[in-house]
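Below is one structure, written out as structure tokens; the observations come after it.
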2 protein chains.
Amino acid sequence: MTTAKDMQGRDGAALPNPSAVGLVAVIVAATDGEPRALTVQVEGQAAGRSVGLPAGPLVPEHPTLERGLRAWVERQTHQRLGYVEQLYTFGDRDRQGDEAQGLHSLSVAYLALVREVRPAGLAEASWRNWYRYLPWEDFREGRPAALAEIEPKLLAWAGETGDPKLKRRREDRLSLTFGLCDGAWNEERVLERYELLFEAGLIPEAQGQSGSASPADIAVTGQPMAFDHRRVLATAIGRLRGKIKYRPVVFELMPPTFTLFQLQRTVEALSGTNLHKQNFRRLVAQQGLVEETDGVTSGATGRPARLVRFRREVLLERPAPGFRLRPAKRPA
Amino acid sequence: MTTAKDMQGRDGAALPNPSAVGLVAVIVAATDGEPRALTVQVEGQAAGRSVGLPAGPLVPEHPTLERGLRAWVERQTHQRLGYVEQLYTFGDRDRQGDEAQGLHSLSVAYLALVREVRPAGLAEASWRNWYRYLPWEDFREGRPAALAEIEPKLLAWAGETGDPKLKRRREDRLSLTFGLCDGAWNEERVLERYELLFEAGLIPEAQGQSGSASPADIAVTGQPMAFDHRRVLATAIGRLRGKIKYRPVVFELMPPTFTLFQLQRTVEALSGTNLHKQNFRRLVAQQGLVEETDGVTSGATGRPARLVRFRREVLLERPAPGFRLRPAKRPA
DNA sequence: CGGCACAATGCTCACTTTGAGCATAAGTGA
DNA sequence: TCACTTATGCTCAAAGTGAGCATTGTGCCG
């Protein structure tokens with residue numbers, strides 16, 4: 001029989017293999033229609049990788065993981081967090097940067113959405129456009145230039161293997177993630193694309209390369225980050241892109257009042273695609289997500305737009321996702 | 001400046017607060033149209049809570065979290081895992097059962113879907129209908145009887161507070177999760193419902209009650225589990241209910257060939273609701289999820305049904321989720 | 001001040017996707 | 001052969017979507 005102690009590893013007498021646990025945060029804001037992540041300076045990393053995400057170890061003073069995270073972020077960046085959700089727990093032995101001997105080190109990543117870009121009280125903390133790290137993800141201006149450079153390399157990678165089965169599998173993955181060999185682009189597969197590039201050796205983090213990439217390389221495969229933080233960022237973007245489709249989370253990024261077009265720009269910034277304007281406002285309208293204020297924009301060119309605000313009530317109303325699979329009348 | 005050591009806690013000299021990390025698995029199968037989870041016997045728990053989920057500590061031999069999990073599950077249950085995905089990492093100080101002094105203990109939970117119910121090589125491992133633990137989640141036979149018992153208690157809980165604001169918030173939550181005070185039932189909010197019951201004191205695990213619940217209580221608020229495993233189970237069900245709507249994961253639970261109605265029964269088992277038969281098959285058909293075989297069922301009453309098989313290719317085809325927010329032509 | 005360029009809004013229209021049912025087909029058991 | 005049961009085919013109306021055209025306010029520029 002399995003004992004509780006055996007299972008949970010709480011045998012006080014012989015504590016079984018403790019691990020070092022870290023907390024990492026992807027803190028997202030959107031200003032001027034650009035998606036940004038909060039970054040901090042990190043010492044002791046390879047050249048060109050001195051920027052990372054706010055992070056810190058979990059310490060016993062933290063009552064919960066999330067509280068611990070908030071504490072670290074406030075300390076490192078002076079940024080208060082509002083909306084926070086757990087992203088993923090990373091634990092690969094060989095992907096976390098330098099290794100702690102015999103100790104597993106795993107990091108619990110969180111996604112946070114914040115409203116305003118504080119001028120950043122600390123020099124070490126700064127907001128960066130996230131497409132700087134993943135340039136191939138931005139389709140707002142059409143197919144990103146970076147992709148043109150990346151694609152042949154990926155195809156070469158798929159072709160370089162002798163094993164035809166493996167080659168086939170690689171091509172399938174390319175089709176699925178990058179939409180090569182027919183296949184459509186799915187903006188949510190951010191992580192899968194990053195991991196594919198990683199495997200294909202196009203990501204400097206892969207080999208722990210210490211040589212800094214050239215500016216040209218950076219424009220194509222993006223700016224590297226400390227540790228495996230680019231992977232964490234990719235995870236966050238993918239998750240967020242999925243979530244905005246069925247939960248009104250974008251509003252966490254908006255100021256108290258805004259125009260429908262600003263809202264659209266924000267969604268576009270996150271998803272990396274452009275949307276049909278009229279249909280976008282129809283969608284927002286019929287879902288009852290916003291209500292008009294009596295303010296309008298002014299100053300800019302063109303007809304002034306009405307300012308709206310998010311209807312907090314919808315958080316209670318929305319029957320929520322509710323996709324297909326609607327229940328039958330009651331055939332039982 | 002934040003140093004790498006500071007951030008990641010990898011300072012070999014003074015290792016900062018290691019934690020005990022556990023792995024937990026919710027292993028799901030569906031046989032005879034019932035959703036089941038694999039459970040194991042757990043020693044040293046309060047009366048009536050001797051059943052838990054397969055789990056074990058993370059040890060350094062495990063190259064990745066997932067591999068560690070697979071190892072534990074195979075050892076404890078002799079069950080091989082196929083589809084596995086990470087669920088959530090639980091880390092509340094006060095919810096994990098007995099505490100390790102000064103050590104954070106957190107558990108990384110996984111969801112696994114398996115095809116067949118092995119007769120279970122070990123007596124300690126057995127498959128249990130998951131609604132045994134969460135009886136209020138099963139709407140297949142209409143509104144579950146358990147809900148009728150639960151609702152007045154929840155309303156009382158909302159009413160028992162003096163603070164009108166708090167009362168209001170509680171009622172909002174009831175509406176959102178249980179569909180009380182108007183509000184619709186959303187089958188995905190499994191965890192939120194469990195947590196609400198927990199807070200309302202209707203869940204024995206809450207106070208670490210050692211007194212065993214009466215059979216009548218169990219029929220209403222469900223069979224308790226060891227540790228916080230019922231919470232983990234609730235998380236898994238909610239996640240799975242969401243996922244089947246936009247990814248063809250149900251097929252991981254199906255035998256090589258099956259009828260459309262068996263497929264429907266499986267989906268219904270997971271989601272806890274009934275579906276319109278004709279529309280269900282239309283959906284499956286037009287999405288091209290299955291292909292016909294030349295077999296048909298026999299023996300049972302009624303017209304024999306055609307056996308179909310899952311089209312593995314769709315894993316490569318499906319433009320995937322792809323909900324709303326379709327991109328514009330290219331207005332840029 | 002009239003005309004322009006530009007963005008915000010209104011509204012149309014064809015085409016799919018759903019929710020619900022009716023009608024038939026094809027076995028089993030009495 | 002009839003009664004019953006489940007599988008399948010099809011129809012229909014109501015919503016939901018993807019694309020565009022048309023109009024309305026504003027700031028700017030002769």
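Computed from a prediction, not measured in an experiment: that's the story for all the values here. To find a chain, count down the sequence lines: A is the first, B the second, and so on, and within it residues start at 1.
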For atom CG of N279(A) and atom C1' of dC21(D), their distance in whole Å:
13 Å
Using a cut-off of less than 4.0 Å, is there contact between a side-chain N or O of R282(A) and OP1 or OP2 of dT17(D)?
no
With a non-hydrogen cut-off below 4.0 angstrom, is R306(B) in contact with a base, only sugar-phosphate, or nothing?
sugar-phosphate
I'd like to know if E268(B) and R265(B) make a salt bridge, using a cut-off of under 4.0 Å between side-chain N and carboxylate O.
yes
Let me spell it out: for each of F261(B) and Q278(A), pick the nucleotide of DNA chain D with the closest heavy atom. Which residue's pick is nearer the 5' end?
F261(B)
What verdict does the salt bridge (Lys or Arg N to Asp or Glu O under 4.0 Å) test give for R306(B) and E292(B), after you've listed the backbone C-alpha separation in whole Å, the side-chain angles of each residue and the deciding distance to 0.1 Å?
CA-CA 7 Å; R306(B) 181 148 301 273; E292(B) 298 195 341; 3.7 Å; yes
Measure CZ/F280(A) against C1'/dA19(D) and give the value in whole Å, please.
17 Å
I need the NE2-C1' distance between H276(A) and dA14(C), as an integer number of Å.
14 Å
Between Y194(B) and L134(B), the two heavy atoms sitting closest are CD1-CD2, 4.0 Å
Just the rounded figure in Å: distance from P of dA19(D) to CG of N274(A).
13 Å
Which of R193(B), K245(B), R140(B), R241(B) passes salt bridge (Lys or Arg N to Asp or Glu O under 4.0 Å) with E187(B)? Answer is K245(B)
When rounded to the nearest 0.5 angstrom, what distance separates CG in L260(A) from CZ in R282(A)?
14.0 Å
When Q286(B) and L260(A) are each assigned the nearest nucleotide of DNA chain C, the 5'-most assignment goes to L260(A)
Starting at CG of L307(B) and ending at P of dG27(C), how long is that distance when rounded to a whole Å?
14 Å
Between N or O atoms, less than 3.5 Å apart, protein on one side and nucleotides 24-27 of chain D on the other: list the pairs.
from, atom 1, to, atom 2, distance (Å)
dT24(D), O2, R303(A), NH1, 2.7
dG25(D), N2, R303(A), N, 2.5

Side-chain N or O of K277(B) less than 4.0 angstrom from OP1 or OP2 on dA7(D)?
yes
Should R247(B) and E85(B) count as an ion pair when the cut-off is N to O under 4.0 Å?
no
